[in-house]
Amino acid sequence: GLLLVAGSFAAFRLLNQGLERLVPPPPSAWRNRWKWRNIWTSLAHSVLSGGGALAGTHNPSPCRFCLHPGLSEDLVGTHPPGAHSLVAVSVGYFLEDFVDMLCHQKLHQSWELLFHHSVVIVCFGIAVLLHQYVGFALVALLVEINSIFLHLRQILLMANLMHTTCYRLNSIVNLGTYVVFRIATLAWMTRWLFLNRENVPPATYAVGTVGMAIMTPMNLILFYRLLRSDFFK
């Protein structure tokens with residue numbers, strides 16, 4: 001697990017350094033070339049982890065716990081093949097992005113994302129180290145399906161394409177996937193924690209509860225910002 005985390009960190013770092021040649025920034029993004037690379041790196045992670053999570057949650061065991069969230073053993077001790085590796089790779093990415101933001105952004109500009117990444121690294125790190133709750137972390141990675149469209153939105157904004165049909169279509173899909181894969185996923189995870197509070201060790205339950213308590217309002221605030229920016233103006 002730790003080797004995968006380290007390898008993932010190095011791979012995303014190399015990708016970040018090479019992206020400016022792979023996807024040259026448009027003139028409108030020349031003043032913020034670091035952010036252009038950072039968003040494309042994040043997009044690569046979202047495609048990988050979101051696609052992997054969607055494929056993983058179609059296995060029989062995760063489907064069973066989606067229908068019966070009281071079955072704690074499905075999320076605690078069992079998980080689809082490759083799920084542990086996918087979660088470890090995601091920990092490596094979040095560590096890389098954390099370091100990248102620390103090096104290139106002022107703290108008052110990035111503290112929300114740094115705080116978000118810290119919570120994710122702790123929660124996913126527990127799953128990677130203990131080889132438990134990997135199924136729960138896999139469900140959490142469904143959020144990355146929406147992140148694909150969030151990152152595409154940022155890329156279109158940086159390319160000065162906010163008045164195009166492509167941006168408008170992406171905004172609609174972004175909002176729909178936000179409700180389905182972000183808000184609904186977090187609500188399901190909170191419900192699972194509540195139903196299984198007697199089957200989860202107190203320390204792990206505390207970490208999970210605090211994580212959900214932090215993530216839920218952060219995501220609701222971001223949803224409001226997206227509505228206000230893309231639909232209410």
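Values reported hereafter were calculated over all heavy atoms of this structure, with side chains retained and with hydrogens, waters and symmetry mates removed.
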How close do [X] and [Y] get, heavy atom to heavy atom, and via which atoms?
X: Leu4; Y: Ala88; value: CB-CB, 3.8 Å
X: Leu86; Y: Ala53; value: CD2-N, 3.6 Å
X: Pro217; Y: Met212; value: CD-O, 4.3 Å
X: Val134; Y: Ala127; value: CG2-O, 3.8 Å

Measure the [atom1]-[atom2] distance between [X] and [Y] for me, rounded to the nearest 0.5 Å.
X: Asn16; Y: Ile39; atom1: CG; atom2: CD1; answer: 11.0 Å
X: Ile221; Y: Leu226; atom1: CD1; atom2: CG; answer: 12.5 Å
X: Phe232; Y: Tyr224; atom1: CZ; atom2: OH; answer: 7.5 Å
X: Leu169; Y: Asn174; atom1: CG; atom2: CG; answer: 12.0 Å
X: Leu161; Y: Leu152; atom1: CG; atom2: CG; answer: 11.5 Å
X: Thr209; Y: Leu193; atom1: OG1; atom2: CG; answer: 5.0 Å

*Is the cationic atom of Arg153 (NZ for Lys, CZ for Arg) positioned less than 6.0 Å from the six-membered ring centroid of Phe149 and within 45 degrees of its normal?*
no

*On the ring face of Phe231, is Arg168 found with NZ or CZ under 6.0 Å from the centre and within 45° of the axis?*
yes

For residues [X] and [Y]: do they belong to one hydrophobic cluster (side chain heavy atoms under 4.5 Å, members Ile, Leu, Val, Met, Phe, Trp, Tyr)?
X: Val91; Y: Val119; answer: yes
X: Leu95; Y: Val143; answer: no
X: Tyr167; Y: Leu150; answer: no
X: Val180; Y: Ile148; answer: yes
X: Ile214; Y: Val139; answer: yes

I'd like to check [X] versus [Y] (side-chain heavy atoms, cut-off strictly below 4.5 Å). Are they in contact?
X: Ile126; Y: Phe136; answer: no
X: Trp36; Y: Leu19; answer: no
X: Leu141; Y: Ser90; answer: yes
X: Ser42; Y: Asn38; answer: yes

*Could you check Thr185, Asn219, Thr177 and say which one makes a side chain to side chain donor-acceptor pair (under 3.5 Å) with Asn146?*
Thr177

*Do Asp97 and Phe12 pass the side-chain contact (heavy atoms from CB on, under 4.5 Å) test, and can you show the C-alpha distance, the side-chain angles, and the key distance before you say yes or no?*
CA-CA 9 Å; Asp97 200 44; Phe12 278 109; over 6 Å; no

*asked:* Run the side-chain contact (heavy atoms from CB on, under 4.5 Å) test on Met101 and Trp34 for me, step by step, so that the C-alpha distance in whole Å, both residues' side-chain angles and the decisive distance to 0.1 Å come before the verdict.
replied: CA-CA 9 Å; Met101 284 189 289; Trp34 161 79; 4.1 Å; yes

*Give a yes or no on whether Leu3 atom CG has more than 12 heavy-atom contacts from other residues, nucleotides or ligands under 6.0 Å away.*
no

_Aromatic ring pairing His45/Tyr93, orientation class (parallel under 30°, perpendicular over 60°, tilted between)_ = parallel

*Hey, are Asn160 and Ser28 close enough side-chain-wise for a donor-acceptor pair under 3.5 Å?*
no

_So, using ring-ring contact (aromatic ring centres under 6.0 Å, His included) as the criterion, who are the partners of Phe223 when residues are at least two apart?_
Tyr178

*Could you tell me whether a side-chain N or O of Ser110 sits under 3.5 Å from a main-chain N or O of Leu113, the two making a donor and an acceptor?*
no

*Is a side-chain donor or acceptor of Arg228 paired with a backbone partner of Arg225 at a separation under 3.5 angstrom?*
no

_As a quick check of understanding, evaluate side-chain contact (heavy atoms from CB on, under 4.5 Å) for Tyr133 and Val87, giving each step before the final call._
CA-CA 10 Å; Tyr133 308 100; Val87 175; over 6 Å; no

*Do any pairs count as a salt bridge (Lys or Arg N to Asp or Glu O under 4.0 Å) and have a residue in residues 1-15, sequence neighbours left out, and if so which ones?*
Arg13-Glu96, Arg13-Asp100

_Where at least one partner belongs to residues 22-36, residue pairs that pass salt bridge (Lys or Arg N to Asp or Glu O under 4.0 Å), sequence neighbours excluded_ = Glu20-Arg33

*side chain to side chain donor-acceptor pair (under 3.5 Å) between Tyr205 and Asn196, worked out*: CA-CA 9 Å; Tyr205 180 75; Asn196 292 280; over 6 Å; no

_The test is side-chain contact (heavy atoms from CB on, under 4.5 Å); show your working for Gln154 and Leu43 and say whether it passes._
CA-CA 10 Å; Gln154 287 184 293; Leu43 177 62; over 6 Å; no

